[in-house]
Amino acid sequence: MKAQKIGFNTICTHIGEIKDQQFQGAISPIYLSTSYAFEDVPVKRYPRYFNTPNQEALSKKLAMLEHGEASLIFGSGMAAISTSLFAFLQKGDHIILQRTLYGGTSNLVTEEFHKYGIEYSFVDASTTESFSEKIKSNTKIIFIETPSNPLLTITDIPAIVAIAKKHNIITMIDNTFASPVNQNPILLGIDIVLHSATKYLGGHSDILAGAVIGTQEHIDRIFDLAKNFGGSLSDFTVWMLERSIKTLGLRVREQNKNALQLAQWLEQHKDIATVYYPGLESHKDHELAKKQMKGFGGMLSFELKSGLDSSVFQKSLQLIKSSMSLAGVESTILSPAITSHALLTPEARDQQGIKDNLLRLSTGIEEVEDLMTDINQAIAKTNTTK
Ligand SMILES: *Cc1c(COP(=O)(O)O)cnc(C)c1O
C-alpha cells in the first residue's frame with residue numbers, strides 16, 4: 001500500500017504488523033529470540049543486524065509515516081544521529097549544522113569530530129545565506145533541526161534543500177519536535193530524517209529509542225556502519241514502540257490543539273511577558289511554519305513578567321511536572337537556562353535569545369482548562385512571594 005492511499009492513523013495502527021498465524025491474535029506477537037536458524041532460511045536474522053521480525057515490522061511503519069523507502073530503529077535518538085552522521089563523514093570532510101541544535105547533537109560534533117579529522121561549521125538558521133556562505137568543496141552534509149529548542153524557530157526546509165541539491169550535499173533533519181504528524185521533510189526534499197523516538201513516537205515517557213528514515217540506498221549505507229557500531233534496540237522495546245505509535249496521531253493532534261490554545265491564552269495573560277509558539281501570528285516564523293508544517297506541535301516557551309520568579313512558579317505547579325525530557329502525554333516544564341542550555345555561557349544564551357526566566361512547556365493531552373487553572377494558581381503563589 002502506498003502512503004498516499006492510506007490515512008495517517010491507519011498507517012499508525014496497521015502498517016507492518018506481524019500476523020499472528022498461530023492464534024489469530026489482534027496484535028503483533030513479540031519475538032525475543034537473539035538466535036535464529038542460518039540454514040535454509042531467506043534472511044539471516046540477528047538483533048544487531050536490525051532484522052528481527054519486530055524490528056522489520058516497526059521499520060515499515062516508520063518508513064511509511066515519513067514517506068521514506070526504509071528505516072532503522074536504534075537504542076536512542078543519539079545512536080541514530082551519531083551513526084547516520086558517521087556513515088557519511090570521513091577524515092577531511094566538512095559538515096554545516098544549524099547552531100540551535102539539540103544539546104547532545106552539538107556535543108557530539110564539538111567533542112568528537114576533531115578526533116576524526118572532520119570539519120564543521122555552525123550557522124545561524126534564520127537565513128539561508130548563512131548556510132550557502134559556508135559551503136566548501138568538501139562539504140558532505142547540511143544538518144538542520146526545526147522547530148528548534150527552546151524558542152521554536154523554524155528553518156526554511158525547501159530553501160535549504162535547494163542549496164544542498166545544487167552542490168550535491170546530503171540533507172539531514174532532526175524531526176523530533178514536529179513528529180511525522182506535523183512535518184514530513186522527505187516530501188519537502190530532505191534526504192534523511194532522524195527522530196529521538198524517546199519523545200513523540202514513544203509518547204509515554206517510558207521508552208528510549210531512535211530512528212532514521214530515508215531511501216533504501218541511504219539506509220543501506222547507514223546499516224553498514226550501524227551493525228559495527230551496534231546501537232540496535234531490544235525487541236521488547238521495539239514492540240512497545242510499535243504499540244505506542246498506534247496512538248501517535250491521536251496524541252499529537254490533541255497536543256497541537258492544547259498547545260495552540262495555551263499559547264493564545266498565555267499571550268493575553270497579564271502576568272506573561274512573551275510567548276514563543278510557531279502557531280501564533282506574533283511568532284517571527286509563523287508564515288514559514290504555516291507553509292511547511294501541518295500542525296504547530298506541542299512545544300511552546302514563555303517568559304513571566306519581570307518580578308515573578310520562574311523557579312518559584314515552576315515549583316508551585318501541581319499538575320504540570322518539572323522534567324528534563326518532553327513529549328509525553330503528561331504536560332511537563334523546564335528552565336532551559338539551568339538544564340538543556342546550562343553549559344552555554346550567559347552571553348551565548350543571550351545571543352540565542354534564551355533568557356534566564358524562560359520556561360519551556362511540553363503540552364500533554366490533559367484538558368486544557370486544567371492546565372490553565374494550574375498555571376493560574378502557580379502564578380498566584382509566585383505573586384505573593386515576590
Ligand atoms: C531528546 C532529543 C534527542 C536525543 O534523543 P535520545 O533519545 O535522548 O538519545 C535528539 N534530538 C532532539 C530534538 C531531542 O529532543
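Just follow the structure's listing: the first ligand is 1, and inside any ligand the first atom is 1.
- The minimum heavy-atom distance between L201 and R251, with the atom names listed, is O-NH2, 3.3 Å.
- Applying the 4.5 Å side-chain rule to ILVMFWY residues, one finds Y276, I354, L358 in the same cluster as L151.
- In this structure, the side chains of N175 and I213 stay at 4.5 Å or more apart for every pair of heavy atoms.
- When heavy-atom distances to ligand 1 are checked against 4.0 Å, the residues falling inside are S76, G77, M78, I81, Y102, E145, D174, T176, F177, S196, T198, K199, L208, A209, ordered by chain and number.
- Hydrophobic cluster membership for V329: I365 (Ile, Leu, Val, Met, Phe, Trp, Tyr linked by side-chain heavy atoms under 4.5 Å, directly or transitively).
- Take Y120 and apply the ring-ring contact (aromatic ring centres under 6.0 Å, His included) test, not counting sequence neighbours, and it matches F122.
- R349 and D356 are joined by a salt bridge, as a carboxylate oxygen and a charged side-chain nitrogen come within less than 4.0 angstrom of each other.
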